[in-house]
Undergrad: 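Mind having a look at this structure? Questions to follow.
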There are 2 protein chains.
Amino acid sequence: MRDVNPEHLYADVFARNCTSRGILEGVAGKWGVLALAALNDGAYRFNALRRRVDGVSEKMLAQTLQGLERDGLVRRDVQTTIPPHVEYSLTPFGTAVAGKLVELVELIQSEVDQRS
Amino acid sequence: MRDVNPEHLYADVFARNCTSRGILEGVAGKWGVLALAALNDGAYRFNALRRRVDGVSEKMLAQTLQGLERDGLVRRDVQTTIPPHVEYSLTPFGTAVAGKLVELVELIQSEVDQRS
DNA sequence: GTTGGCGCTTTCGAAAAGTTAGTACAGTCT
DNA sequence: AGACTGTACTAACTTTTCGAAAGCGCCAAC
């Protein structure tokens, strides 16, 4: 927390106990950044998202989405059908964050393209 | 790799074996994002950076900086003095990436501030 | 003498990630 | 009929990584 005004604590990712640190860890985690970047293209069902993000296991994807939902970046819409139908999409906050992540991704891809 | 043109493979973070995936993992890792965001304010010596990023161990910081240097985001300047003097700073690529990360960080901090 | 600074590296146990199998239902194919 | 596919997870076990602490050598300050 950036403690400039003694009566109001501001979020500060550099402080280990700050809520924003936890959110940043989920967003900027190995699978979080890719899931959010994929969802930036539109809503996905679980297995479609898993196929999009090469290398992620069901376990890690489920865990990642759970955290992103808890932190308010992702919405999980469940339809009681057989087979199950669960759809993930970005919240307004998630959309803003994903926009930044996509810029970052494009920057890195660009750099790698230039090095080839 | 986004294989649009058969003769030229484009970087693709969604492909597990792509170089850009590895770089993204370092940049968007738990400690990578914070180290880069701190270095965006200017060069740091090792222990100064460690004090800036609350919660990181010497081990994890050293490991993180090593990876960022290998991927071309960070420069490590060593002066042969006693005590040792090692300074870390951003490369042009690192500066561009850190700029994006800082935007992301500010977005998240903003969101947390609004939720308080 | 002790303590502190510098920037790492090493060791070992704890925690997290990864791998694999499992769940129940319905549809398709042989 | 059985086998396989799809759905979206969870549980159990294994492997990898992280965190905590100690270590290194040199010099300066107390």
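Values below: all heavy atoms of this structure, side chains included; hydrogens, waters and symmetry mates excluded. Chain A is the first sequence line, chain B the second, and so forth, proteins listed ahead of strands; every chain is numbered from 1.
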Undergrad: Could you list all the side-chain hydrogen bond (donor to acceptor under 3.5 Å, both in side chains) pairs where at least one residue sits in residues 73-84 of chain A, not counting sequence neighbours?
TA: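 side-chain hydrogen bond (donor to acceptor under 3.5 Å, both in side chains) check on residues 73-84 of chain A returns A:Arg75-A:Asp77, A:Arg76-A:Tyr88.
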
Undergrad: So does A:Phe14 get a backbone contact from the side chain of A:Arg21, meaning a donor-acceptor N/O pair under 3.5 Å?
TA: yes

Undergrad: To the nearest Å, give me how far apart OH (B:Tyr44) and P (C:dG7) are.
TA: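 Atom-to-atom, B:Tyr44 to C:dG7, this comes out as 14 Å.
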
Undergrad: Which side-chain N or O atoms in residues 23-35 of chain A pair as donor and acceptor under 3.5 Å with protein atoms at least two apart or in another chain?
TA:
none

Undergrad: Between protein and nucleic acid, restricted to nucleotides 15-19 of chain D and to nitrogen or oxygen atoms under 3.5 Å apart, what atom pairs and distances do you find?
TA:
residue : atom : partner : partner atom : Å
D:dC18  : OP2  : B:Gln63 : NE2          : 2.8
D:dG19  : OP1  : B:Lys30 : NZ           : 3.0
D:dG19  : OP2  : B:Trp31 : NE1          : 3.2
D:dG19  : N7   : B:Lys59 : NZ           : 3.4
D:dG19  : O6   : B:Lys59 : NZ           : 2.9

Undergrad: What integer distance in Å separates A:Leu65:CG from D:dC9:P?
TA: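 Distance, rounded to whole Å: 8 Å.
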
Undergrad: Measure CZ/A:Phe46 against C1'/C:dT23 and give the value in whole Å, please.
TA: 14 Å

Undergrad: Does a side-chain N or O of A:Arg45 approach OP1 or OP2 of D:dA8 to a distance below 4.0 Å, or not?
TA: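 True: A:Arg45 side-chain N/O within range (under 4.0 Å) of D:dA8 OP1/OP2.
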
Undergrad: Specify the separation, in whole Å, of atom CD of A:Glu58 and atom P of D:dG6.
TA: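 Distance, rounded to whole Å: 12 Å.
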
Undergrad: Let me check something: any side-chain donor-acceptor pairs from residues 45-54 of chain A under 3.5 Å, sequence neighbours excluded? List them with distances.
TA:
residue : atom : partner : partner atom : Å
A:Arg45 : NH2  : A:Pro84 : O            : 3.3
A:Arg50 : NE   : A:Val56 : O            : 3.0
A:Asp54 : OD2  : B:Arg16 : N            : 2.9

Undergrad: Among residues 71-88 of chain B, which residues get a heavy atom nearer than 4.0 Å to DNA chain D?
TA: B:Ile82, B:Pro84

Undergrad: Can you confirm whether A:Val112 sits close enough to B:Tyr10 that some side-chain heavy atom of one is under 4.5 Å from a side-chain heavy atom of the other?
TA: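 Not touching, per the 4.5 Å side-chain cut-off.
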
Undergrad: Side-chain contact test, heavy atoms from C-beta onward, threshold under 4.5 Å: evaluate it for A:Val74 versus A:Leu90 and give yes or no.
TA: yes

Undergrad: Check whether B:Val105 and A:Val102 end up in the same hydrophobic cluster, where Ile, Leu, Val, Met, Phe, Trp and Tyr are linked by side-chain heavy atoms less than 4.5 Å apart.
TA: no

Undergrad: Starting at atom CG of A:Asn47, determine the distance to atom C1' of D:dT5, rounded to an integer number of angstrom.
TA: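 Between C1' of D:dT5 and CG of A:Asn47: 11 Å.
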
Undergrad: Sequence neighbours left out, what pairs pass side-chain hydrogen bond (donor to acceptor under 3.5 Å, both in side chains) with at least one residue falling in residues 99-108 of chain B?
TA: A:Lys100-B:Glu103, A:Glu103-B:Lys100

